[in-house]
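Below you'll find the structure, written out as structure tokens, and then a few comments.
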Amino acid sequence: MESSSITILGGDLRQCYAAEYLCAQGWQVLCWHTPRFPYSSKIRQADCLSQALEHCDLLLAPTPLTQDGINLSQSEDSHPACRLQDIWEQLSPCHALAAFGIPKEHQEPLEKTGCRTLIFGASFAFNIENALLTAEGLLSEVIRCTPFALSCANVLLLGFGCCGSAIGKLFHPLCRTIYLVEEDEAKQRLAENNGICPIRPEDFSQVLPQCQIVINTIPGAVLEPSLLPLLHSSCHLFDIASAPYGFPADTTRNCLLPYFRIPGIPGRFSPVTAGEIIGRTIERMTEHAL
């Protein structure tokens, strides 16, 4: 592929390592509002948004694109907030935007710019690799936050998509039993083949009191708040889903159960590998697009 130019926008250390990776592959890289970082001397820093967008073929948005629905996600407070609307107003059909995903409320404004979008969150290969990093980071947090050994714990896993599958396979040899709530029958069978026990809502009254750990991967309430009192009194809840999450924010206060929301695990625990995965995915997606 001929040398292309890319502007890296905002985000966390994943953006920095993606920038380093793409630079090493021969891309012309410009960063704007990314974290302070010992970048390669070949990577330039833009002084303003117009400079960041002026000559690039492709923009790499942060993951997530926004945390408040209004501004670009940025991990450093030293940069002033940047409204996504201000970015959209400067985009044109000459640009392409790569992002994990675009929130619904921003899809129409972005379409009106004529800018092409590359959604790498829809890439199966990316999701498989990213899920492995998520499972590893979650394991670290579960061990850190729980006062008991995993070998003594029964785990309830909510969802068996890419992340749920990776989590189940990693945790299974370490735990006493993993129970699974998953509607898709094909995924239920896959879980059973890996030693995980799918359950149905009618099993909740028997299974929930046996669980010391609940791991949610689904952005929505699978266990209604009315069911939480059935859980073991020492049960810890870990939520890696995106908004609206699996449990209310006040779950600990209302149910006296430790509840941990853990977003962006790859960016926190494996930013080097996570950034390189994003970089490789961008290369695959743009090989015939730019």
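Both backbone and side-chain heavy atoms feed into the values below; hydrogens, waters and symmetry mates do not.
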### Message
Out of the candidates Ile215, Leu223, Leu180, only one should pair with Leu158 under the side-chain contact (heavy atoms from CB on, under 4.5 Å) rule; please name it.
### Response
Leu223
### Message
Would a single hydrophobic cluster contain both Val222 and Ile196, if residues Ile, Leu, Val, Met, Phe, Trp and Tyr are joined by side-chain heavy-atom contacts under 4.5 Å?
### Response
no
### Task
Provide the closest heavy-atom pair for Leu230 versus Ser205 in the form atom of the first, atom of the second, distance.
CD1-CA, 4.3 Å
### Query
Between Leu150 and Val142, is any pair of side-chain heavy atoms under 4.5 Å apart?
yes
### Query
Should Ile87 and Leu49 be marked as a side chain to side chain contact (heavy atoms under 4.5 Å, CB included) after you check the CA-CA gap, both sets of side-chain angles, and the distance that decides it?
CA-CA 8 Å; Ile87 298 176; Leu49 180 58; 4.1 Å; yes
### Task
Would you give the length of the straight line joining atom OG of Ser270 to atom CG of Leu13, rounded to the nearest 0.5 angstrom?
12.0 Å
### Query
What is the distance from atom OG1 of Thr134 to atom CG of Leu170, rounded to the nearest 0.5 Å?
11.0 Å
### Query
Can you tell me if Trp32 and His79 form a side-chain donor-acceptor pair at under 3.5 Å?
no
### Task
To the nearest 0.5 Å, tell me how far Asn154 CG sits from Cys175 SG.
8.5 Å
### Query
Going by atom types only, do Tyr17 and Thr273 share a side-chain donor-acceptor pair under 3.5 Å?
no
### Message
When you compare the side chain of Glu182 with that of Pro198, does any pair of heavy atoms fall below 4.5 Å?
### Response
no
#### Entry: Any donor-acceptor N/O pair, Asn194 side chain to Ala191 backbone, under 3.5 Å
no
### Query
Do Leu256 and Thr252 have side-chain heavy atoms sitting under 4.5 Å apart?
no
### Student check: side-chain heavy atoms of Leu58 and Thr7 closer than 4.5 Å
no
### Task
Group every Ile, Leu, Val, Met, Phe, Trp and Tyr by side-chain heavy-atom contacts under 4.5 Å, then state whether Ile119 and Leu84 land in the same group.
yes
### Query
Going through the checks in order, is the side chain to side chain contact (heavy atoms under 4.5 Å, CB included) test met by Gln212 and Cys235?
CA-CA 4 Å; Gln212 289 80 28; Cys235 188; 5.6 Å; no
### Message
Under a 3.5 Å distance rule, please check whether Gln188 uses its side chain to pair with a backbone N or O of Val181 as donor and acceptor.
### Response
no
### Task
Sorted by first residue and then second, give each salt bridge (Lys or Arg N to Asp or Glu O under 4.0 Å) pair with at least one member in residues 237-251; sequence neighbours left out.
Asp250-Arg253
### Query
Is it true that a side-chain atom of Asn127 and a backbone atom of Ser123 form a donor plus acceptor pair closer than 3.5 Å?
yes
### Query
Out of curiosity, Ile167 CD1 to Ile178 CD1, how far, rounded to the nearest 0.5 Å?
9.5 Å
#### Entry: Any donor-acceptor pair under 3.5 Å from Gln210 side chain to Gln206 backbone
yes
### Task
Look at the side chain of Thr251 and the backbone N and O of Phe247, then say whether any donor-acceptor pair between them is shorter than 3.5 Å.
no
### Message
For a 4.5 angstrom cut-off between non-hydrogen side-chain atoms, does Tyr245 reach Pro219?
### Response
no
### 4.5 Å side-chain heavy-atom contact, Pro80 and His33
yes
#### Entry: 4.5 Å side-chain heavy-atom contact, Thr34 and Gln45
yes
### Task
Would you check if the side chain of Arg116 reaches a backbone N or O of Leu97 as a donor-acceptor pair within less than 3.5 Å?
no
### Query
More than 12 heavy atoms of other residues, nucleotides or ligands under 6.0 Å from CD of Glu202: is that the case?
yes
### Query
Do Glu283 and Arg280 meet the salt-bridge criterion of a basic N to acidic O distance under 4.0 Å?
no
### Message
On a heavy-atom basis, which atom in Pro62 and which in Leu72 lie closest, and how many Å separate them?
### Response
CD-CD1, 3.5 Å
### Task
Determine yes or no for a side-chain-to-main-chain donor-acceptor pair under 3.5 angstrom, with Ser165 supplying the side chain and Phe160 the backbone.
no
### Message
So which atom in Glu20 and which in Pro38 form the shortest heavy-atom distance, rounded to 0.1 Å?
### Response
OE2-O, 3.4 Å
### Message
Under 6.0 Å between ring centres: does that hold for Tyr259 and His236?
### Response
no
### Task
Determine whether the side chains of Asn71 and Asp68 contain a donor N or O and an acceptor N or O closer than 3.5 Å.
yes
### Task
Determine the minimum heavy-atom distance between Leu65 and Pro103, stating which atoms define it.
CD2-CD, 3.7 Å
### Query
Does the Ser73 side chain pair with the main chain of Gly11, one donor and one acceptor, at a distance under 3.5 Å?
no
### Message
Looking at every heavy atom in both Gly267 and Asp12, which two are closest together, and how far apart are they?
### Response
CA-OD2, 4.1 Å
### Task
State, with a plain yes or no, whether a side-chain heavy atom of Arg83 is found less than 4.5 Å away from one of Trp88.
no
### Task
Kindly compute the distance separating CG (Leu30) from SG (Cys56), expressed to the nearest 0.5 Å.
7.5 Å
### Single-linkage hydrophobic cluster, 4.5 Å side-chain cutoff, Trp27 and Phe37 together
yes
### Query
Just by distance, do the side chain of Gln51 and the backbone of Asp47 share a donor-acceptor pair under 3.5 Å?
yes
### Task
Grab the two heavy atoms, one from Gln85 and one from Pro109, that are nearest each other, plus how far apart they are.
OE1-CB, 4.3 Å
## Note on the structure
Rounded to the nearest 0.5 Å, the CD1 atom of Ile262 sits from the CD atom of Glu141 at a distance of 5.0 Å
### Task
Check the hydrophobic clustering (I, L, V, M, F, W, Y; side-chain heavy atoms under 4.5 Å; chains of links allowed) and say if Leu257 and Ile213 are grouped together.
no
### Task
Please check if Phe148 and Leu157 belong to a single hydrophobic cluster, counting links between Ile, Leu, Val, Met, Phe, Trp and Tyr side chain heavy atoms closer than 4.5 Å.
yes
### Task
Go through the steps to decide whether Leu91 and Leu59 satisfy the test side chain to side chain contact (heavy atoms under 4.5 Å, CB included), and finish with yes or no.
CA-CA 10 Å; Leu91 292 183; Leu59 304 168; 3.3 Å; yes
### NZ/NE/NH1/NH2 to OD/OE distance under 4.0 Å, Glu192 and Lys187
no
### Task
Walk me through it: do Val155 and Thr177 pass the test side chain to side chain contact (heavy atoms under 4.5 Å, CB included)?
CA-CA 6 Å; Val155 176; Thr177 305; over 6 Å; no
### Task
Using atom types as modelled and distance alone, determine if a side-chain donor or acceptor of Glu76 lies under 3.5 Å from a backbone N or O of Arg36.
yes
